[in-house]
Amino acid sequence: MSMSSAAVAEVGGPYAAALAQFDRAADQIGLEPNLRAVLRVPKRELTVNFPVEMDDGSIHVFTGYRVQHNLTRGPAKGGIRYYPSTDLDEVRALAMWMTWKCAVINLPYGGAKGGVTVDPRALSRHELENLTRRYATEIIPLMGPDSDVPAPDIGTNEQVMAWIMDTYSMHKGYSVPAVVTGKPVAIGGSEGRAQATAMGMLVATREVLRRLGRPLGGTVAVQGAGNVGRGVLELFSAAGFQITAISDHRGGLYNPRGLDAARLSAHLRDGGWVSACEGVGDPISNAELLQLDVDVLTPAAVEGQIHAGNAANVRAPLIVEGANGPITPEADAHLHDRGVTIVPDILANAGGVTVSYFEWVQDLQQFFWSSDQITRRLSRHMRTAVQSVWDLAEAQRVSLREAAYQIAIARVAEATRLRGIYP
Ligand code: NAD
């Protein structure tokens with residue numbers, strides 16, 4: 001599907017969007033020019049070209065990236081993406097967004113992101129493992145439990161994290177579970193990580209609906225049916241919301257009376273495309289899904305999906321960003337002017353990195369928490385962050401995105417001032 005690249009090109013790419021968001025909030029808090037210059041750029045960028053032997057004996061050279069945007073508040077943290085159009089511009093933006101996300105939810109981390117330009121669905125399991133182990137080896141100079149801790153993102157999952165953990169451990173000569181999060185529970189993963197992003201979105205959605213004086217339920221349209229989108233389908237429907245539409249990159253399904261979440265979720269867990277799940281709803285395109293008259297819209301796929309060309313047609317009064325950067329700055333301004341409430345990515349989808357933090361802490365102390373403890377701690381982190389962002393937005397009369405950025409940038413700036421510039 002070409003819509004994401006077209007939409008993103010219109011505003012100069014995700015990194016241009018990330019810089020525009022940063023500049024606006026930096027202006028609003030009067031960030032001094034010296035600090036602005038430091039925080040505006042990624043600290044380290046690694047590009048790797050590496051060979052992988054394919055099943056037919058041929059050698060394919062892939063390109064991958066790991067970008068660390070900022071390390072001032074702690075080790076770098078951020079996912080690894082396998083996606084056909086992933087490039088340095090996208091990974092830079094995602095790394096910067098991780099810095100602000102970790103700061104707004106107040107985790108002791110900096111921000112990073114990684115990616116490989118590849119369609120993982122086109123690889124065999126053996127090729128995927130080869131690619132993962134070689135990419136992991138190439139980024140070992142940056143990776144480590146005290147320096148840079150990857151996690152899953154688009155096109156990667158807990159099996160990929162297991163291979164990364166094993167590859168790093170083989171190089172060290174002993175097991176290092178804390179080098180990566182989002183692992184299977186059997187090798188040091190955390191209870192609750194798989195659905196953590198969607199769980200955080202549910203907590204944030206309810207907190208915001210309560211503050212808006214609206215019912216804690218209603219209809220929901222979800223773009224994306226992967227780790228995040230499927231989690232939204234499962235958790236929001238269990239919490240009394242009605243999921244009326246869901247899609248993947250091939251298109252989606254719509255049922256105004258509500259989709260059968262249990263059937264769809266079983267179908268998705270078996271690896272099926274949304275549109276191939278028969279008898280639950282009518283076909284709908286991604287473009288149509290974004291324009292549905294629903295109470296809550298949750299983009300949970302890729303960047304730039306709501307842009308200047310379609311923002312006027314978006315009818316949902318509340319958008320909760322499961323994806324990173326799904327709304328371009330132009331569309332964001334238009335929607336805000338129209339009174340649409342947007343819970344921004346760096347707040348809305350921070351549940352994933354929060355439970356990744358819990359996983360890292362558990363691995364380091366080699367003492368594991370129950371699923372109930374994870375859910376309670378995650379809810380507390382999310383509620384505290386929503387409260388502070390909401391209060392600042394009200395006090396300053398700015399959007400939730402601007403308030404979240406103001407809080408995040410101020411925290412990283414304070415840490416930078418205290419540490420000083422070496423030497
Ligand atoms: P995933 O690979 O599990 O699923 C991605 C889904 O998006 C798939 O259903 C895919 O078909 C769909 N998709 C891909 N390109 C699309 C397009 N152009 N149009 C419509 N649909 C498209 O990925 P994920 O982990 O669910 O991540 C989804 C989003 O959430 C990303 O923006 C990611 O950065 C963000 N996110 C993920 C996590 C996490 O814990 N996995 C945490 C925070 C944010």
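Both ligands and their constituent atoms are indexed starting at 1 by order of listing. We're numbering straight along the sequence, starting at 1.
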| said: Using a 4.0 Å cutoff against the non-hydrogen atoms of A323, which atoms of ligand 1 qualify? | reply: 29 (C), 30 (O), 32 (O), 35 (C)

| In this structure, are over 12 heavy atoms from other groups packed under 6.0 Å from H171 atom NE2? | yes

| message | For ligand 1 and N324, I'd like to know whether there is a polar contact (N/O to N/O, distance under 3.5 Å). | response | yes

| query | So which of G231, G325, G226, G155 gets nearest to atom 2 (O) of ligand 1, if we judge by its closest heavy atom? | reply | G155

| task | Apply side-chain hydrogen bond (donor to acceptor under 3.5 Å, both in side chains) to the pair H336 and S399, showing each step before the final yes or no. | result | CA-CA 7 Å; H336 181 64; S399 68; 4.8 Å; no

| said: I'd like to know if R81 contacts ligand 1, where contact means a heavy-atom distance under 4.0 Å to any ligand atom. | reply: yes

| said: Applying a heavy-atom cut-off of 4.0 Å, say which part of Q223 lies close to ligand 1: side chain, backbone, both or neither. | reply: side chain

| field | Closest to atom 36 (N) of ligand 1 (judged by heavy-atom distance), picking from G322, G224, G351, G352 | value | G322

| message | Please determine whether side-chain hydrogen bond (donor to acceptor under 3.5 Å, both in side chains) holds for the pair N286 and Q305, giving the CA-CA distance in whole Å, both sets of side-chain angles, and the decisive distance to 0.1 Å. | response | CA-CA 9 Å; N286 271 286; Q305 293 298 295; over 6 Å; no

| said: Just to be sure I'm reading this right: ignoring hydrogens, which of R230, K101, Q195, H249 gets closest to atom 16 (C) of ligand 1? Compare them by their nearest heavy atoms. | reply: H249

| Does ligand 1 have an atom under 4.0 Å from some heavy atom of E303? | no

| request: Of the side chain and backbone of N349, name the one, both, or neither that has a heavy atom under 4.0 Å from an atom of ligand 1. | output: both

| Qualifying side-chain hydrogen bond (donor to acceptor under 3.5 Å, both in side chains) pairs with a residue from residues 267-279, counting only residues at least two apart or across chains | E234-R269

| remark: Counting heavy atoms under 4.0 Å, the part of N286 that contacts ligand 1 is side chain

| Side-chain donor or acceptor of E90 paired with backbone N/O of P14 under 3.5 Å | no

| task | Answer yes or no: is there an ion pair linking R411 with E414, defined by an N-O contact shorter than 4.0 Å? | result | no

| task | Evaluate the ring planes of Y135 and Y82, with Trp represented by its six-membered ring, and classify them as parallel (under 30°), tilted (30 to 60°) or perpendicular (over 60°). | result | perpendicular

| Distance under 6.0 Å and angle within 45° of the ring axis: does R92 meet both against Y15? | yes

| query | N/O to N/O below 3.5 Å, does that happen between A300 and ligand 1? | reply | no

| query | Short N/O distance, under 3.5 Å, between S247 and ligand 1? | reply | no

| message | Counting the benzene-type ring for Trp, do H381 and F358 have ring centres under 6.0 Å apart? | response | yes

| task | Using a 4.0 Å heavy-atom threshold (strictly under), name the region of R193 that reaches ligand 1: side chain, backbone, both or neither. | result | side chain

| field | R134 and E138 ion-paired at < 4.0 Å | value | yes

| field | Per-residue contact class, A151 against ligand 1 - non-hydrogen pairs under 4.0 Å | value | neither

| Residues two or more places apart in sequence or in another chain: which of them pass side-chain contact (heavy atoms from CB on, under 4.5 Å) with E191? | V185, S371, I374

| Does the N or O separation between K113 and ligand 1 drop below 3.5 Å for any pair? | no

| request: Determine whether any heavy atom of W273 lies closer than 4.0 Å to an atom of ligand 1. | output: no

| request: Give yes if a backbone or side-chain nitrogen or oxygen of G229 is under 3.5 Å from a nitrogen or oxygen of ligand 1, and no if not. | output: no

| query | With only distance considered, is A301 within less than 3.5 Å of ligand 1 through an N or O on each side? | reply | yes

